[in-house]
Every structure is written in structure tokens, then in C-alpha cells.
Amino acid sequence: MGDKPELKPRPKTAAGMGRGKQQNGPAQTAGSNGKARTGARTRHQDGGRSGQHGLHVWGVFAAVVALTVGTRFYKLDEPDHICWDETHFGKMGSYYINRTFFFDVHPPLGKMLIGLAGHLTGYDGTFPFEKPGDKYGETKYVGMRSFCVSLGATVVPLAFLTVWELTQSLPAASLAATLLLFDTGCLTLSQYILLDPIMLCFIMGAVFCQSKCDSHRNSPFSTLWWFWMCGTGCFIALAFSVKFVGLFIILWVGLKTVSDLWDLLGDLTLPLTVVFQHFLARALCLIALPAAIYITCFAVHFHTLYKSGSGDGFMSSAFQSTLEGNKLYQANMPEDIAYGSTITLKNYRPAGGLLHSHWHLYPEGLGARQQQITAYTHKDDNNLWIIKRYDRNPIAEEPVEFVKNGDLVRLQHVATQRNLHAHQEPAPVTKRHFQVTGYGENGTGDINDIWKVEVVGGAEKSRVKTVRSKVRFIHYMTGCALHSHSKTLPKWGWEQLEVTCNPFTRDKNNLWNIEDHINHQLPNGTFEVYQPSFLGKLSESHAVMVQGNSGLKAKEGEVTSQPWQWPLNYRGQRFSGVNATDYKIYLLGNPVIWWGNLALLAGAMVVFLVEAIRTQRGFADPPQIAEKKSSTLCAARWMATGWALHYLPFYFMGRVLYFHHYFPAMLFQSMLTAIMYDYFLQLVEHHAQPRVYTRIYHWGTLFIFSILLYSFYLFHPLSYGMFGPLADNETSSMYGLKWMDSWEI
């Protein structure tokens, strides 16, 4: 290892994550960067800039890739049954293969890619993916797992390349890769048919491309500068197209971009026209290009899923009319509603449910103990209602009479023969509303069963139309309006949507439309349903996804977690198996890595504070270390910002949360750990004697990497699977390794 060469002074851009202008690729040379300073301490980093050191870097990188492939693809076909959320995302891949429409709370790209991978590897889309633990049998599932693990594995080499770009330190780059390589959590999360490995790949791709773009900031508008900026835009779009939490990497890149533009604006040597060109370039690459990619993903999604499927009920009637096989597709039913018609009523809001009832009663203490009325997003016979005159039942011999705007009606539930009823008892969840129930016997009830039909925008006595009419049902006695919203009932109500009678009659959630219409006295005819445009479908899909996300709740018996638990590695997540005879997989981070990351994160906060105080007090570092130290701390601050953006927002989310939500933040935390390791090496190099530094560097590095390898050896059964008793039994392969009582191992 030669003496550390002296760097020529270069203008520093505060917005950059690492050094000033760098050459392309890790094998950089700077033999001509200046004379080696006399008496310089030897910095024993294989990440030096000679060609020989460049070969070392590529050699280590090749080893990282080989180890990543080996650890990630090992035992990929085990267990040969559904693990955790494979039941969802494998099923959704099947939907794409079969072209059937479904609803999910995430954007479509990840599921489309899983379906494509299955199709290309021979999976025919027929496996039901009913529940975790079901055997795959002869199903060709390994292709989908291989695709997910291939993308998930990229985070390790990408972390190496990113930290190398930021620090030019081989130990730091190697440590970043090793932290992710030997983390049992990252390994487990990447080996199954899930969205997480796909999203983590795209997040890391965006961070790497941003770091490469920063390395070319002294040659703006060059080919490579454009290439890496476009790459950043592509990856942030892909991450957001897999999961909405991809928004956080967009925010991170956005903050970097704003900081960069602010520095350019403060550079008085640049004409404003050049600053404006920088702004336009970033708007093109980081706004317009990602938006185009994101919208294209939905265009492919809508084009692929053109058949009616399980997700129809979540969408509006107009949306459903675009799906082949749906009753509303080229609708063939009576257009005008008549008394005696059997209908379904759909709440008009995004993700609105169908008016529904069943034999179950409201519990004691929640208003009248009468039949439950709910809204249900799936189609079944309990959604059917007969619309009748308010004062008598329909008679077959009577001429057909159509329902008109302003009529008084009763709605009788077909399956239970009870009438839609309201009274001045508080609703079960929304106490300021009135309770809606099913009441009466065989269609006979009381005056509280009467509702007035109001057609929004309709002329007086105009006919009520199938699908097209927006209708309010105003309760005759109380004046409240039939209402539904996103609030769900407890388990006694089967977690279906609450239906109430809302005293505020102009609430937009009081609107309904007739979706299905059966009347054998009327001729069926086709009529034009106002099919939404592409932008209309795009807008509705997002409204439904956002609402679905906010309403996610834990399944019965499911273990959830809180954000404060995640950095502590407090509780993992069971992927497979519970009993001694089961094949057990448990998502848990390598505790040595996670607790080390937490300690280095705390150390970084202290360093940031100390450096801020030193700067405020006017302390200056010696010129020979000032630039390197400044660029290292700048990179560390951006990694800490990425960690905060991917972690802190979860404290403000109302939806159910799981341990795996922390892993995007963990990527940034691991890279921060590696960068801070490089920073501490710099301090030791500057303050210690060369011989002391050499010993600390070599023995310290050996100790750290040995501990990481040994900890992976101890905890690898969590990822690769284990049989037998739990860790508190002496015969368990994890005996003595249950370091926290909250671990379910």
C-alpha cells in the first residue's frame, strides 16, 4: 500500500453526497493528483486510487456478488409450501396470467412482474394460493421465487457500489455490503414471492444512480450525467409503482434535487439561464419521466386485466362496465326501475360497498337488537333487495309502475324478507348517526321502513335509471339519509362497512346507484353506460387504493408491531411454521448487525452535533483532511436523511404495520454505518501514529467482519428453515439464541 496521495483542491458542492468530480467506475487512478505529502501517514485502504488498488476493488466486488448469489439462491425451493404473503402476491400473479381483474392496495408493477415471471417459467396460473402452509405440489413456483430473489439480491452489490462512490473507501464499501449480505432479515425477505425484494431493488437502484449523478456534477449535461439522472428518475418511478412507500425515495431524491438547485442558484458565476436549464433537466428526468413510467404501468395493468374478477365490487358501476363478463359489460337489463324489481344498491363513493344484510343481529347494548345492515364489497345474494311501494306489496297482475324521483318506497331484503329500517338509536360505530336495521317479517314492518327517493339532478317525477341515476334515500320519519363510509364494524359485524342514517343529508357518501336490476315484466335492453376514460379509471383506482390502505387491519391472531420496535429488532415476523413438527421460517434481523447499526446511528447523531458546534465556533480542520472529512459527513447526513424519511412517517400512519416495513430504512442505516466507519478510520489515521493506525485498521476490520460472519452462522436457521422445538429447548438449533423474550423462535 503506497503513501496516501495528496488531493488537489477542488471546489466543493455542498449538495453532493460524497466527493467532488469522480471518474467513472470504482477502478479510479489519481497518480497525477499531486505529490504524496511528505511524512504522510499510510492509510491502509485497498480502496486507494492506483490501478492495482482498482483491481482489488473489482476483486472484492466480484466476491460480494458471488457470496450474494450463493446465500440468496441456497434452498430457494424450501419450504415447498406457501409462506406468509405468498398467498396474496402469488395469487395476484395468477390473476395477471388469467387476465382477471382484482383489487389490491398497492400499485400494479410488482404483481405484474411476478405474474410475468411465473408465465415465462411455466406456471399456468391455476394454483389457488389459498392460505399459508398449503403445499405447492407440482406447481412451478420456483420461477417466481427466483425472480424475486434475483431483484432482492441486487441490494447487496448496489450498496457496495453506492458507498464506494460516496467514500472511495474499500473497507466502507465492503462493510455496507457485508451488513446486508449477512443480515438474516434481508435474506429472508428476498427469498419469497413478495413485493418487498422488488421494491428494495428499485430503492437501492435510485440511491446508486443518484450517487453516480453526483459524481458527474462537475460535468453537467454530459452524456453520463444525463444517463445517471434518467436512471434515478426511472428507479424512483419503479419503486413507487410497486408500493406507495416508494414515495419516500421520491422525497429523498427531491430533497437532494432542491439542495442541488439551491447551491447552483447561489453560484454567482453561473448565469440564471444555466440555472434554469438545470431546473428543466431535473424536471424532465425526475418528474416527467417518472410520471410517464408510472402512468404506463397502469395502462398495462388495465389492458391486461380486462375480465371480470374478484375485485369488481370495489370499483364503481361505470368502471365495472369495462370488464368482460361483468353484468354491466354491454349491459343487458331493464333501464328504468319499476316497483317489484330486484336490485342491488352500490354506494357511490370510491370503494363503496353494496347494501347488504344477513341473519345476524346487532349485539346487546348497540341500539335495537335487530338485523344487521352493512355494505359489502363482494357480490353475493345477500346484496339483493326488492323495491316496493310504501303502502302495499306488488301484485303480479297490476300494470308496471316505474319508480320516480320523489316517490316513497320500501326496500325488502330478498334473503331474509326484512325491510330496510331506521330509527333514532345511535349507530354502532358513528354515534352521531342513527342506526339502520332490518326489521319486520315477510315484508311487513312499520312506518320506519319508509324512504323517500331523491334523484340528484333529476326532474320531478323523472324515472330512476339503472347505473346512471345518483340516488339519495331519505328516511321518511327522521329525515336522515341512508349512508355508508369507510368505517368498518367489529368482528361481530364481520368487519364489513358500517351503514347508518346520516342527519346531514348533503353528505356525498349518501349517494347510491342501482347496479343490478332484475324484472321479468320488463324487456331487457342494452343501454350506454358511461364508461370512464383512462384518466377516470386511473383516478378511481388511486382513490380506492388509498382508502384500502388506510383501512387495513390486522387479521385475527396475526402478530403486528409498532415502529418503535423496529430499530431494536424487538419482534420478528413468522413466515412459516409454529409447532415443533413444522418447517419454521422467522423474519428477524441479525441482532449483531441491527444493534450495531443502532449504535452507529446514535454515534452519527453525536458527530453531527459536535461538528455543527465546531463549525459555529470557527474551528477549522487541517487542509489535508478537511475535504475528505467534509464529503464523508455530507454523505452520512444524506444517508441519515434517507433513514428518517423511510422510518419516521410510519409513526403517523393509521393502518396496520408490520416489521418488514422497516427494511427500506434499514438499507440507509447500514450504508450510514459503513460511512461512519470510514469517518472513524479517518480520525484514527489523523490522530494516531502510523503503526498504531495500521494495527487498529487491520485488527479492527478483521474483528468486525469475523463477528458479522459468526453471527450469520448462528442465526442462519431463521432464514433457511428449521425443524424441532423452539429456542428454549436444549435440543433446538436456536438454543441459547433467544436474546429477547419477544422473539418467537
Side-chain angles (χ1 to χ4, degrees), residues 103 308-317 319-320 326-328 337 341-363 366-388 409-423 427-430 433-440 443 445 448-449 451 453 466-467 471-473 475 480-502 509-518 544 547-548 551 553:
F103 165 74
S308 176
S310 61
D312 293 15
F314 291 93
M315 313 307 292
S316 69
S317 301
F319 191 107
Q320 293 178 51
N326 190 285
K327 289 183 179 179
L328 297 175
I337 306 300
S341 292
T342 300
I343 62 174
T344 61
L345 286 170
K346 185 171 180 62
N347 192 243
Y348 204 75
R349 67 180 180 84
L354 293 154
L355 189 66
H356 179 94
S357 188
H358 39 236
W359 288 104
H360 303 279
L361 307 180
Y362 288 104
L366 291 176
R369 187 165 168 75
Q370 296 174 4
Q371 187 167 295
Q372 296 175 16
I373 302 293
T374 67
Y376 190 46
T377 52
H378 298 279
K379 298 190 175 188
D380 68 19
D381 289 343
N382 280 329
N383 303 331
L384 296 175
W385 300 81
I386 299 173
I387 188 164
K388 305 189 298 183
V409 302
R410 285 177 296 152
L411 291 168
Q412 178 183 318
H413 189 239
V414 172
T416 63
Q417 299 295 298
R418 286 181 174 152
N419 295 333
L420 187 69
H421 177 98
H423 44 228
V429 176
T430 310
H433 292 187
F434 297 141
Q435 184 185 35
V436 176
T437 68
Y439 179 74
N448 281 324
D449 302 344
W451 302 80
V453 177
T466 305
V467 177
V471 182
R472 289 190 193 94
F473 290 92
H475 191 245
C480 58
L482 187 66
H483 174 92
S484 182
H485 46 203
S486 59
K487 293 181 181 179
T488 58
L489 296 171
K491 294 192 183 299
W492 55 257
W494 307 95
E495 297 182 339
Q496 295 174 7
L497 300 172
E498 183 187 33
V499 171
T500 67
C501 202
N502 187 355
N509 289 342
N510 298 342
L511 299 180
W512 302 78
N513 67 266
I514 287 86
E515 184 167 283
D516 293 317
H517 179 201
I518 304 168
V544 174
Q547 184 169 298
K553 289 182 169 36

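Being a predicted model, the structure only gives us computed values, none of them experimental.
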Original post:
Got more than 12 heavy atoms from elsewhere within 6.0 Å of NZ, K327?
Top reply: no
Original post:
Can you tell me how far CG of N509 sits from OH of Y348, rounded to the nearest 0.5 angstrom?
Top reply: 13.0 Å
Original post:
Hey, what do you get for CD (Q372) to CH2 (W492), rounding to the nearest 0.5 Å?
Top reply: 5.5 Å
Original post:
Side-chain contact, heavy-atom cut-off 4.5 Å: F319 with P350?
Top reply: no
**OP:** Take T488 and E498 through the side chain to side chain contact (heavy atoms under 4.5 Å, CB included) test and state the conclusion after the steps.
**Re:** CA-CA 5 Å; T488 58; E498 183 187 33; over 6 Å; no
Original post:
Side-chain contact, heavy-atom cut-off 4.5 Å: C480 with H433?
Top reply: no
Original post:
Is a side-chain donor or acceptor of Q496 paired with a backbone partner of T374 at a separation under 3.5 angstrom?
Top reply: no
Original post:
So how far is it from H358 NE2 to D380 CG, rounded to the nearest 0.5 Å?
Top reply: 10.5 Å
Original post:
Taking all atoms of both residues into account, what is the closest heavy-atom pair of V471 and V453, and its distance?
Top reply: CG1-CG1, 3.7 Å
**OP:** Ignoring hydrogens and angles, tell me if any N or O in the side chain of N419 forms a donor-acceptor pair with the backbone of G443 under 3.5 Å.
**Re:** yes
**OP:** Quick one: list whatever passes salt bridge (charged side-chain N to carboxylate O under 4.0 Å, His left out) with R418, sequence neighbours left out.
**Re:** E441
Subject >> Side-chain donor/acceptor of R369 to backbone N/O of Y362, under 3.5 Å >> reply: yes
Original post:
Would you call L420 and L482 a side-chain contact if the rule is heavy atoms closer than 4.5 Å?
Top reply: yes
Original post:
Is there a donor-acceptor pair under 3.5 Å between the side chain of H413 and the backbone N or O of N382?
Top reply: yes
Original post:
Going from OH on Y376 to NZ on K346, what distance comes out if it is rounded to the nearest 0.5 angstrom?
Top reply: 12.5 Å
**OP:** Work out which heavy atom in H421 is nearest to a heavy atom in W451; give both atom names and the distance.
**Re:** C-CZ2, 4.2 Å
Subject >> Atom of W512, atom of G353 and distance for their closest heavy-atom approach >> reply: CZ3-O, 4.1 Å
Subject >> Closest non-hydrogen atom pair, H517 against I343 >> reply: CD2-CG2, 4.1 Å
**OP:** Please report the shortest heavy-atom distance between L354 and H378, naming the atom on each side.
**Re:** CD1-O, 4.1 Å
**OP:** Drop me the distance from L345's CG to S484's OG, to the nearest 0.5 angstrom.
**Re:** 11.5 Å
Original post:
Counting distance only, does the side-chain N/O of Q547 pair as donor-acceptor with the main-chain N or O of S486 below 3.5 Å?
Top reply: no
**OP:** Work out which heavy atom in A481 is nearest to a heavy atom in N510; give both atom names and the distance.
**Re:** CB-ND2, 3.5 Å
Original post:
Considering the options D312, D516, V467, T466, which one meets the side chain to side chain contact (heavy atoms under 4.5 Å, CB included) requirement together with S317?
Top reply: V467
Original post:
Can you find a heavy atom in the side chain of N347 that is under 4.5 Å from one in the side chain of H485?
Top reply: no
Original post:
Any side-chain heavy atom of H475 within less than 4.5 Å of one from N448?
Top reply: yes
**OP:** Using a 4.5 Å cut-off on heavy atoms from C-beta on, say whether the side chain of H423 contacts that of T437.
**Re:** yes
Subject >> Within-4.5 Å side-chain heavy-atom neighbours: T500 and Q435 >> reply: no
Original post:
Of all residues at least two apart in sequence or in a different chain, which pass the salt bridge (charged side-chain N to carboxylate O under 4.0 Å, His left out) check with R349?
Top reply: none
Subject >> T344/E515 under side-chain hydrogen bond (donor to acceptor under 3.5 Å, both in side chains): CA gap, chis, key distance, verdict >> reply: CA-CA 6 Å; T344 61; E515 184 167 283; 4.8 Å; no
Subject >> Nearest-0.5 Å distance that lies between atom OG1 in T377 and atom CG in N383 >> reply: 9.5 Å
